[in-house]
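So you know, we letter chains A, B, ... as the sequences are listed, proteins then strands, and number each from 1. The figures that follow rest on heavy atoms only: side chains count, while hydrogens, waters and symmetry mates do not.
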Protein chains: 2
Amino acid sequence: MRRGEETRSRILEVAEAAVLAKGFGGTSIDELIAETGITKSGFFYHFRDKNELAKALLQRYIENDERIYDDIFGRARELMDDPLQAFLLGLKLLSELLSDLPNGHPGCLVAAFCYYERLFDHEIQMINRDAALAWRRRFSLMFEEIMAIYAPRLPLDADQLADMLSSVLEGGIVLSKALREPNSLANQILIFRSFVKLLFSSD
Amino acid sequence: MRRGEETRSRILEVAEAAVLAKGFGGTSIDELIAETGITKSGFFYHFRDKNELAKALLQRYIENDERIYDDIFGRARELMDDPLQAFLLGLKLLSELLSDLPNGHPGCLVAAFCYYERLFDHEIQMINRDAALAWRRRFSLMFEEIMAIYAPRLPLDADQLADMLSSVLEGGIVLSKALREPNSLANQILIFRSFVKLLFSSD
DNA sequence: TGCCTCCTGCACTGACAGTACAGTATTGCC
DNA sequence: GGCAATACTGTACTGTCAGTGCAGGAGGCA
């Protein structure tokens with residue numbers, strides 16, 4: 001019972017790193033069991049097939065991702081009375097968190113799975129879609145709170161701004177990987193942050 | 001001579017669509033030769049191995065990508081005397097081009113290959129890096145031209161703004177794929193465009 | 001006529017995703 | 001202590017896939 005869960009999560013941990021580095025199609029089960037120290041039968045005891053591994057991997061990643069955002073923006077909201085200041089602090093904290101990763105962001109599974117879509121079943125595609133919609137909802141709520149107080153200098157709605165933040169995050173990950181400049185992502189977040197500041201400035 | 005080139009480019013065309021839909025690891029050579037109508041030996045006559053296919057695929061994609069940007073921003077520059085107006089027109093043309101694609105952007109090979117990096121040789125990783133650096137150079141030159149005339153409202157340099165545009169493009173592709181909203185990318189470009197307008201407005 | 005380009009056909013190898021199923025060690029519960 | 005569920009191991013197999021090696025053939029062109 002307890003031991004089973006531990007083995008399962010060890011497989012997922014090894015698999016996540018491998019998938020982010022080599023893609024899902026480039027990650028073999030044989031390789032995962034070798035690194036985890038179990039047998040093939042053991043692997044298939046935990047996951048019916050590779051698709052089920054993908055599903056578990058994605059769900060685990062999304063849960064962790066949400067927890068990180070809850071922590072960062074929750075803490076920022078507690079520290080600041082003003083929603084704009086809280087959001088700006090949250091972005092700052094996020095960029096600092098990413099700067100502290102020595103090898104940069106390891107990659108986003110949602111993005112990795114976007115480029116593998118046709119080989120996954122419909123359920124995984126929906127989990128991926130829900131994750132992107134959750135980002136939109138999360139950030140959109142923050143922008144709505146800000147807009148209740150501050151008038152933006154551009155006629156943008158909260159959803160558009162939320163999607164822009166998601167885009168900058170996802171694109172920043174891709175770009176920092178392609179450029180081999182781990183700090184590029186944290187930098188992009190700060191630039192977006194100063195844009196938000198400008199957008200809601202009364203000057 | 002002529003016939004060989006034609007077969008080779010037919011393979012590349014089929015392969016590009018497959019790789020963007022299923023990832024490189026999820027695309028089999030058997031599948032490519034079935035769709036192209038040649039034999040396995042024929043495939044290996046044109047490409048030594050799958051890595052060389054990847055290289056040719058990436059180079060072809062980047063050349064095409066550069067040609068599109070040359071066309072769009074070149075035309076915009078001819079139509080407008082002012083570099084800011086030319087850039088804003090270019091972004092508008094780009095978003096319209098992407099809106100006209102019925103299924104949305106098919107995906108960026110540079111991004112797809114980022115999530116497969118460890119299985120490619122060093123050369124491919126460098127081609128990918130050069131492509132991202134070329135985007136930076138291209139957009140940076142435009143921002144420099146703009147900044148020679150207009151003072152930005154934020155203390156950003158041209159490279160940072162260039163990388164932000166690349167991020168929005170790459171992230172917009174990922175997000176529109178994840179959300180299954182093909183128009184999301186074009187929308188993001190227009191939002192970035194209005195940010196640029198605000199940044200260089202004298203108001 | 002002969003060489004070069006552009007393939008086809010065939011017969012392999014080794015890695016990998018499963019499938020099937022029998023057996024076993026450990027653990028929790030009654 | 002016995003029993004059953006959990007969490008595996010071991011073995012043996014299938015089909016797909018990347019890649020190798022090599023012989024040979026069709027068509028163009030010099």
How long is the line joining [atom1] of [X] and [atom2] of [N], in whole Å?
X     : N      : atom1 : atom2 : answer
B:F44 : C:dG9  : CZ    : P     : 17 Å
A:F24 : C:dC16 : CZ    : P     : 15 Å
A:D49 : D:dG15 : CG    : P     : 19 Å
A:E35 : C:dC16 : CD    : P     : 14 Å
A:Y45 : C:dT24 : OH    : C1'   : 14 Å
B:R48 : D:dT20 : CZ    : P     : 9 Å
A:E6  : D:dT6  : CD    : P     : 18 Å
A:E5  : C:dG28 : CD    : P     : 14 Å

Respond yes when some side-chain nitrogen or oxygen of B:H46 is under 4.0 Å from OP1 or OP2 of C:dC7, and no when none is.
yes
Taking OP1 and OP2 of D:dA7, is either one under 4.0 Å from a side-chain nitrogen or oxygen of A:T7?
no
Restricting to pairs with a member in residues 5-36 of chain A, which pass ring-ring contact (aromatic ring centres under 6.0 Å, His included), not counting sequence neighbours?
A:F24-A:F113, A:F24-A:Y116, A:F24-A:F120
Could you note down all residue pairs passing ring-ring contact (aromatic ring centres under 6.0 Å, His included) where residues 168-192 of chain A supplies at least one of them, sequence neighbours left out?
none
Suppose we screen for salt bridge (charged side-chain N to carboxylate O under 4.0 Å, His left out). Which residues come up paired with B:R67, at least two apart in sequence or across chains?
none
For B:K50, give me all partners under salt bridge (charged side-chain N to carboxylate O under 4.0 Å, His left out), at least two apart in sequence or on another chain.
none
Set of residues satisfying ring pair (Phe, Tyr, Trp, His ring centres under 6.0 Å) with respect to A:F47, sequence neighbours excluded:
A:F43
With sequence neighbours left out, write down each residue that passes ring pair (Phe, Tyr, Trp, His ring centres under 6.0 Å) with B:F44, or none if nothing qualifies.
none
Distance flag, aromatic centroids of B:F139 and B:F87, threshold under 6.0 Å:
no
Where do N or O atoms of nucleotides 11-13 of chain D meet protein N or O atoms at under 3.5 Å, pair by pair?
none

Quick one, which residues of residues 26-34 of chain B touch DNA chain D with a heavy atom under 4.0 Å?
B:T27, B:S28, B:I29, B:D30
Solution key, residues 129-136 of chain A side-chain donor-acceptor pairs under 3.5 Å, sequence neighbours excluded:
residue	atom	partner	partner atom	Å
A:R129	NE	B:L179	O	2.9
A:W135	NE1	A:D65	OD2	3.0
A:R136	NE	A:D163	OD1	3.0
A:R136	NE	A:D163	OD2	3.2
A:R136	NH1	B:E181	OE2	3.3
A:R136	NH2	A:D163	OD2	2.8
A:R136	NH2	B:E181	OE1	2.8
A:R136	NH2	B:E181	OE2	3.4

Heavy-atom donor-acceptor pair, A:R153 side chain to B:L198 backbone, under 3.5 Å
no
